[in-house]
Structure formats: structure tokens, C-alpha cells
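Written out below as C-alpha cells is the structure these notes cover.
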Amino acid sequence: MATVEQKSVEATQNGGADGRTFAVDNPATGEHIIRLPDMDAGRVRELVARAREAQKAWAEQSFDDRAAVMYRARQWMVDNRERIAKTVMEENGKTREDAMLADVFTTADALGFWAKKASVYLADERVRSHSPFVIGRKLIVRYRPRGVVGVIGPWNYPIANCFGDAIPALMAGNSVVLKPSEVTPISSLLMEEGMRAAGLPEDVMLVATGTGETGAALIDEVDMVMFTGSTRTGKKIMGRASETLTPVSLELGGKDPMIVLRDADLERAANTAVYWGMANGGQICMSVERVYVEEPVYDEFVAKVIEKTRALRQGKPEGPGSVEVGAVTFAPQVEIIERHIRDAVDKGAQVQLGGKVADGPGRYFQPTVLTDVDHSMQIMTEETFGPTLPIMKVRDEHEALRYANDSRYGLNSSVFTRDLEKGERIARQLTAGSACVNDAVMNYAATELPFGGTGESGIGYRHGAAGIQKYCEVQALMVTRFAPKKDTFMFPYAPARSRLVERLSVLLYGRVPRKYRDR
Ligand code: NAD
């Protein structure tokens, strides 16, 4: 039975591919919502061609004109927040708070941020050269849109990590073809409708619904791929993109560590661990996935985490404040969570709380706390992406750091201590794209800070200047006003001039600067 408002779906003009469709279900109830077109390569090519045509006029608009569309879209999101949150909740199974704060308002914030910052981050940069050979030339770095950007997104944030990545691409003057996850595609169709309502010109943003094959076909057609999803798929994306030398930006999985030192505010650390371990059902790329606690405060910290986790309510998300933990969005994820717990228990871990699939209807996994864990266990090394908190006892900060960095991932990380100097020192040694002291995840709200992963957590950045410059080609301009008829080094070569150029170069490069001589 269709429960989500389907106006947007019916309004979508994109059509299907030979009648092939796929099903979208509500994970919180098990109910069927709708079937949508599973677009093939031909349909994708058509969409990209339309987007390419529309891009030319869009790129010619001023930043202010594009910003006006984004601000109207922001207002549309706020005015339609109930409908959007309901759509996200129904196809994803997350709580109202997770939908409203992290999808609706985070994206509303991003619309305003990029509307304001695009012209700053993409302004022409005048540079001065160190080279005496180009004295007097005007040198400019400029950013121009790549053309059509393919945004491929995951199911855990159907708006923030799908449409959200389209915003800076659009502000930079690109058009976008958005391929949402087949698990949660309706939210993107709704945003397509919203952008049209906000006055985005026809075809500047189009949604290609479909499975992985639709995403793969998109890579062949676009000028850049912005991908958010699993590390496994990220590798496939990069492989496919290499065939056309299409640039990629990859926001992938994580196994984010939290370190709790003996002098930490344990109450704050425990609240943060439980919140950022369990929010969105633990289905956040940068959720707290593993915790290392110094021996003297281990028992107290574990007791606090158990008590706070026990108080969490889980079930079908309804109105504000109804439940803290929603459903497991994607069916195969249940097997992964169970496998990680089984593997840990087989190797000696203790399940302090939860550990099992919860009662339905709908698909739920009990909020779970594990102790006696170590790095021989998948739960400490592989992305679990569920409501699980494994907590490991460590001797000291050195051991904590060593374990925290013992990972192929490197997305976000955190350290809790009252000694800020020590905290920052440890944060700087964490091999992760972001590191927080006495906080976790909230760095994501500081959109000025670049966000991206090291290791197998990704390539490239979202947010900050890098988060929009990546959607552009860089063009270097040199404008020469005053110049002799012929530069000294030009043909024909003559002994005297060649020697002069050589002597000049020796003068320039033949010496170590005084400051470095004794080092
Ligand atoms: P996924 O990799 O299974 O799918 C992501 C998208 O890729 C979907 O739209 C899917 O249809 C598409 N896809 C699948 N195969 C493809 C192919 N061969 N070519 C092109 N596209 C293809 O990821 P998921 O399960 O939807 O999302 C969960 C993952 O996303 C987790 O690992 C999580 O950590 C990660 N994630 C990362 C961030 C971040 O910012 N780093 C944010 C959110 C989620």
C-alpha cells in the first residue's frame, strides 16, 4: 500500500526503462510503498543529454541568480518540512528527529551556506609569481563548472547525502543528474519537485531512479562523479570512471574511534558515545563505531553507557519524541550486524545489552553494548553500520592511539579529556580526515571545515572551499600587456644570450638560502 504522498513521483517526467521497476518498502513497518522506474543506460544517456543542454544557460547566470533559487528552495524545505520528513521516515525507517534535523534542516542549512559562499570560494584568484621570467604578467586562477555532475547517493541520509551534494555542484554552475539509492529514492524525487518550485530551470537537476546498474551507466556519461556510499562500491566507481578519466569524489565508509581518557568528563563522553553510536540507528558513516577507554575509568564509563542505552526506546517512528532508535533501513545490513556480534562473542566478547534482532513488524536491531572486545574481532575492524557500541579497555593513551589508528578506514574520530592540550596533541595523531576533542560528529555542522576520509574512507572533500572547487575545472590565465618583441631565450640561440640566461639561472638557483644553511 502506498503511504507516502506520491504527487512528486507522479509528477516526475523521467519515465521508466522498458517497464522495468523496483520496489520501495517501509523498513519500519514492512509495508510496500511504491514501485519506481529502474532506468537503463539509454534512459540515463537521455537524462544527461537534457541536463547538458540546460547547463549552458544555468552556468551563465550570476552567483546571485543561482543563490536566489537556493534560498527559495530553503524556504520550500522549511514550509514543506512535515511532508519531507514523513517521506524520509517512511522510506528509511528513521526517527522523526533524525529526519527533521539531519535531513531537512541540515540540507536547509547547506542551501544557505552554498548560496552565500559559492561566489567567495569560486572567485577568481590573482596570483603573483616567484619566477622572474613572468614579471609583469597578470596571473589568474579561475574556476569554471565541469558540466554535468553525476551524484550517486546512499540510503542512510536520503536527502543530506544525495540532494545535499547537488547543492554546491549547482551553485558552481553545473547541472546535476542525481542517482539516489534504490532503497530510498522518493526523497530525491521530492527534492526535484522542490527545486522546480524554487525556480530551478527545467532539466538543470534530474533524478535517475534505479539500481547499481543505473549508477554505473551514469558514470559513463557525466563530467564528474560525486559518490557517497560503501567502500566496496566506491572502488567499483573509481574503476569504471578510470575508463573515461572522469574525476571522482568519494565519501565512503568509516569505523570511527572514540578515545576516553582517565581525566575525561565521563558523563559527556558517555552521552556522546550513546548518542552518536545509536543516532540514525547507528547508520551514520561517521557514527561512533568503537570506543577505547583508559583502565581507571573503564568500569564507570561502561556502566554509564549501559544505563543510557537501556533507556532508549525503539520502534516505529511516529511524532516528535516518540522513539530514539528507528529501523534497520537495508535488509542485508541485519546479517552484517549479526555476523559481527557472533564473531565477537565466539572470540570472547560479552554482550552487555541487546545483541539480537528486535520484534517486528518492521526490521529492528536492539541497541547493543559489547565489552571484552579486541582487534581480532570484525566488530572492531569492519564497518558494522548498526546500533552497536563495542567498548575496549586500554592501558594508556598510547595504546588507545595505536588501536584507534589500527584501521583501514579514516573518516572521523574523537578524544575525550579535560586536558585540551593533550586532547589536541592526540587528535593531531589520529589518522582520520577529521578529529574532535570532547565532541564527535559535530564538526560536520561547521560547513566551513572540509570533511572527507583518509585511507579507505574516501578521496576528496565535501564542505569548505574544497567542497565546491572540486565541481570545477581550474583554468590558469596569463595576460601579458607589456613585453618585448622577443624574449631573451627565444630563437635564434646565440652564445652571449645563452650564457646570460645561464648565469642568471645560476644566480637564482645556485645557493641554499642563509636560513637553511646550518640545518
Ligand atoms: P552502496 O555503496 O551500497 O550504494 C550507494 C549507491 O551506489 C547507491 O545509489 C547504489 O545504487 C549505487 N551503486 C551500487 N553499485 C554501483 C555501481 N557498480 N556503480 C555505480 N553505482 C552503484 O552504499 P549504501 O549501502 O547505500 O550506503 C551505506 C554506506 O555509505 C556506508 O558504508 C556508509 O558509511 C557510507 N556513507 C558514507 C558517507 C560519507 O560521507 N563518507 C555518508 C553516508 C554514507
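Positions are given from 1, in the same order as the sequence printed here. Each ligand, and each atom within it, is numbered from 1 in the order the structure gives.
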Inset, instruction - Considering only non-hydrogen protein atoms, determine which one is nearest to atom 35 (C) of ligand 1 and report residue, atom name and distance to 0.1 Å. - result: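 Closest protein heavy atom to atom 35 (C) of ligand 1: Gly229 O, 3.2 Å.
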
Legend entry - Taking atom 7 (O) of ligand 1 as the reference point, the nearest protein heavy atom with its distance: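 For atom 7 (O) of ligand 1, the nearest protein heavy atom is Phe227 CE1, 3.2 Å.
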
Legend entry - Expected output: side-chain Thr209 to main-chain Pro37 donor-acceptor under 3.5 Å: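 Yes.
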
Inset, instruction - For the pair Arg81 (side chain) and Phe105 (backbone), establish whether a donor and an acceptor sit closer than 3.5 Å, ignoring hydrogens and angles. - result: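 No; zero donor-acceptor contacts below 3.5 Å.
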
Legend entry - Atoms of ligand 1 close to Lys179 [distance to a heavy atom under 4.0 angstrom, numbered from 1]: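 The list of qualifying atoms is 8 (C), 9 (O), 10 (C), 11 (O).
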
Inset, instruction - Look at the aromatic rings of Trp155 and Phe385 and report parallel, tilted or perpendicular, splitting at 30° and 60°. - result: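 Correct class here is perpendicular.
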
Legend entry - His375 and Tyr403 aromatic ring geometry - parallel, tilted or perpendicular at 30°/60° bounds: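 Ring orientation of Tyr403 relative to His375: tilted.
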
Whether [X] lies under 4.0 Å from ligand 1, heavy atom:
X      : value
Trp155 : yes
Gly453 : no
Ser181 : yes
Arg462 : yes
Ser457 : no
Phe385 : yes

Inset, instruction - Only heavy atoms count here, so choose which of Gly458, Ser230, Cys162 is nearest to atom 23 (O) of ligand 1. - result: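 Shortest heavy-atom distance from atom 23 (O) of ligand 1: Ser230.
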
Location of contacts on [X] toward ligand 1, heavy atoms closer than 4.0 Å:
X      : value
Glu383 : side chain
Ile237 : side chain
Asn156 : side chain
Ile284 : neither
Phe451 : side chain

Inset, instruction - Kindly say whether the aromatic ring centers of His32 and Phe22 come within a distance under 6.0 Å. - result: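 When the ring centroids of His32 and Phe22 are compared, they turn out to be at least 6.0 Å apart.
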
